[in-house]
Peer 1: 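Supplied in structure tokens, the structure appears directly below.
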Amino acid sequence: MNPRRGAVAAALSALLLAAPAVAQAAPPSTAQERIAAAATITWTLERAGNPTADQQSAYTQITSAMNAAVNRYNNLTDLGKSITVRYDPSVPTADGNLNGTIRFGSNRSYMTERTALHEIAHTIGVGTSAGWSRLGGTGTWTGTQATALVRQFDGSSAKLSTGGGHFWPYGLNYENEFSGTAADRHVRIVDAMVRDGL
């Protein structure tokens with residue numbers, strides 16, 4: 001065999017054997033790391049230039065609530081949304097819009113993680129999107145992903161009821177529905193609704 005051909009063949013062989021190891025990045029070691037790497041929900045709070053004591057107090061509570069809610073979404077899903085939050089004392093409770101805005105009124109009992117999770121769901125499309133009307137307009141969610149998930153949580157006959165732009169169970173529509181488990185399930189159901197076509 002020609003020594004030059006032998007050297008070329010050896011070099012090509014070494015390259016082919018080494019290529020996959022060079023080309024492939026190590027996958028994240030846990031599902032949590034994979035989700036965290038893809039998390040893209042962000043938020044900003046619009047603040048007055050010279051806030052009153054009332055505004056500053058509201059900003060503090062809203063910031064705590066939104067940070068907790070966004071962290072929960074980002075830890076459990078890879079949903080993406082850029083959200084703008086406002087303190088608006090004229091709002092009776094709180095509201096969220098598909099355009100990415102959330103408004104908190106002056107009632108401090110709504111400046112909680114539960115409310116923030118619920119309103120983030122509205123910005124993602126719960127009660128506010130065409131997909132919501134199509135899949136939840138009959139009073140029962142008809143998407144297969146979220147339906148399978150609620151059955152995993154609550155048994156084979158469980159369903160997600162819909163109405164007035166809200167869902168239950170796990171819609172976190174009232175403060176007394178909140179717990180760590182319910183909050184996690186809420187986020188996972190919203191994520192499954194998005195996969196269904198929310």
Side-chain angles (χ1 to χ4, degrees), residues 27-44 65-85 91 93-104 110 112-198:
S29 61
T30 66
Q32 193 76 341
E33 287 173 1
R34 287 190 297 274
I35 291 170
T40 55
I41 292 181
T42 61
W43 75 281
T44 57
M66 286 298 298
N67 281 342
V70 167
N71 285 340
R72 193 177 299 268
Y73 267 99
N74 287 341
N75 284 332
L76 296 174
T77 76
D78 62 355
L79 295 173
K81 194 75 181 185
S82 178
I83 299 170
T84 300
V85 179
V91 174
T93 57
D95 58 35
N97 190 298
L98 187 59
N99 68 10
T101 60
I102 293 176
R103 301 182 307 165
F104 286 88
Y110 290 96
T112 63
E113 181 185 0
R114 192 276 313 165
T115 302
L117 289 165
H118 178 93
E119 300 309 336
I120 290 170
H122 287 312
T123 72
I124 292 169
V126 170
T128 59
S129 68
W132 172 265
S133 299
R134 182 173 38 82
L135 294 164
T138 64
T140 301
W141 185 259
T142 59
T144 58
Q145 298 284 322
T147 299
L149 190 56
V150 78
R151 287 179 178 166
Q152 177 186 328
F153 296 150
D154 294 343
S156 60
S157 63
K159 67 177 185 171
L160 286 170
S161 297
T162 59
H166 298 96
F167 69 89
W168 61 93
Y170 308 114
L172 301 182
N173 302 302
Y174 302 99
E175 201 64 39
N176 65 2
E177 296 175 12
F178 184 82
S179 70
T181 298
D184 286 351
R185 290 179 177 185
H186 169 85
V187 169
R188 292 182 60 201
I189 286 171
V190 172
D191 184 48
M193 287 177 163
V194 170
R195 291 193 310 272
D196 281 336
L198 180 63

Peer 1: Donor-acceptor pair, distance only, cut-off 3.5 Å: does the side chain of Arg103 make one with the backbone of Asp95?
Peer 2: no
Peer 1: Taking atom CG of Asn99 and atom NE2 of His122, what is their separation to the nearest 0.5 Å?
Peer 2: 13.0 Å
Peer 1: In Å, rounded to the nearest 0.5 Å, how long is the span from NE2 of His186 to CG of Leu172?
Peer 2: 5.0 Å
Peer 1: Please determine which of Phe178, Phe104, Tyr174 meets the side chain to side chain contact (heavy atoms under 4.5 Å, CB included) test together with Thr115.
Peer 2: Phe104
Peer 1: Do the side chain of Gln145 and the main chain of Ala192 share a donor and acceptor less than 3.5 angstrom apart?
Peer 2: no
Peer 1: Where the side chain of Thr101 meets the backbone of Asn97, is there a donor-acceptor pair that is under 3.5 Å apart?
Peer 2: no
Peer 1: Can any side-chain N or O of Arg72 pair as donor or acceptor with the backbone N or O of Glu113 at less than 3.5 Å?
Peer 2: no
Peer 1: Between Thr147 (side chain only) and Thr144 (backbone N and O only), is there a donor and an acceptor less than 3.5 Å apart?
Peer 2: no
Peer 1: From Asp196 CG over to Leu160 CG, what is the distance, rounded to the nearest 0.5 angstrom?
Peer 2: 9.5 Å
Peer 1: At their closest point, which heavy atom of Gly165 faces which heavy atom of Val126, and how far apart are they?
Peer 2: O-CG1, 3.7 Å
Peer 1: Return yes if some donor-acceptor pair links the side-chain N/O of Thr44 with the main-chain N/O of Thr84 below 3.5 Å, else return no.
Peer 2: no
Peer 1: Roughly how far apart are Leu198 CG and Ile124 CD1, rounded to 0.5 Å?
Peer 2: 8.0 Å
Peer 1: Under a 3.5 Å distance rule, please check whether Asp191 uses its side chain to pair with a backbone N or O of Val187 as donor and acceptor.
Peer 2: no
Peer 1: Go through the steps for Asp154 and Arg185 under the test side chain to side chain contact (heavy atoms under 4.5 Å, CB included), then give the verdict.
Peer 2: CA-CA 11 Å; Asp154 294 343; Arg185 290 179 177 185; 3.9 Å; yes
Peer 1: Taking the six-membered ring for Trp, is the centroid-to-centroid distance between Trp132 and Trp141 below 6.0 Å?
Peer 2: yes
Peer 1: Can you find a pair of side-chain heavy atoms, one from Arg188 and one from Gln152, that are under 4.5 Å apart?
Peer 2: yes
Peer 1: Please report the shortest heavy-atom distance between Met193 and Ala146, naming the atom on each side.
Peer 2: CG-CB, 3.8 Å
Peer 1: Output the distance between atom CE (Met66) and atom CG (Leu117), rounded to the nearest 0.5 Å.
Peer 2: 9.0 Å
Peer 1: I would like to know whether Ile189 and Phe153 meet side chain to side chain contact (heavy atoms under 4.5 Å, CB included); could you show each step before the answer?
Peer 2: CA-CA 10 Å; Ile189 286 171; Phe153 296 150; 4.0 Å; yes
Peer 1: For residues Thr123 and Gly96, report the shortest heavy-atom separation together with the two atoms involved.
Peer 2: CG2-CA, 4.4 Å
Peer 1: Between the side chain of Thr40 and the main-chain N/O of Leu79, is any donor-acceptor distance below 3.5 Å?
Peer 2: yes
Peer 1: For residues Ala121 and Val190, report the shortest heavy-atom separation together with the two atoms involved.
Peer 2: CB-CG2, 3.8 Å
Peer 1: Give, for atom OG1 of Thr77 and atom CD1 of Ile41, the distance between the pair rounded to the nearest 0.5 Å.
Peer 2: 5.0 Å
Peer 1: Do any N or O atoms from the side chain of Lys81 and from the backbone of Leu98 form a donor-acceptor pair under 3.5 angstrom?
Peer 2: yes
Peer 1: Using side-chain heavy atoms (C-beta onward) and a distance below 4.5 Å, is Ile120 in contact with Trp43?
Peer 2: no
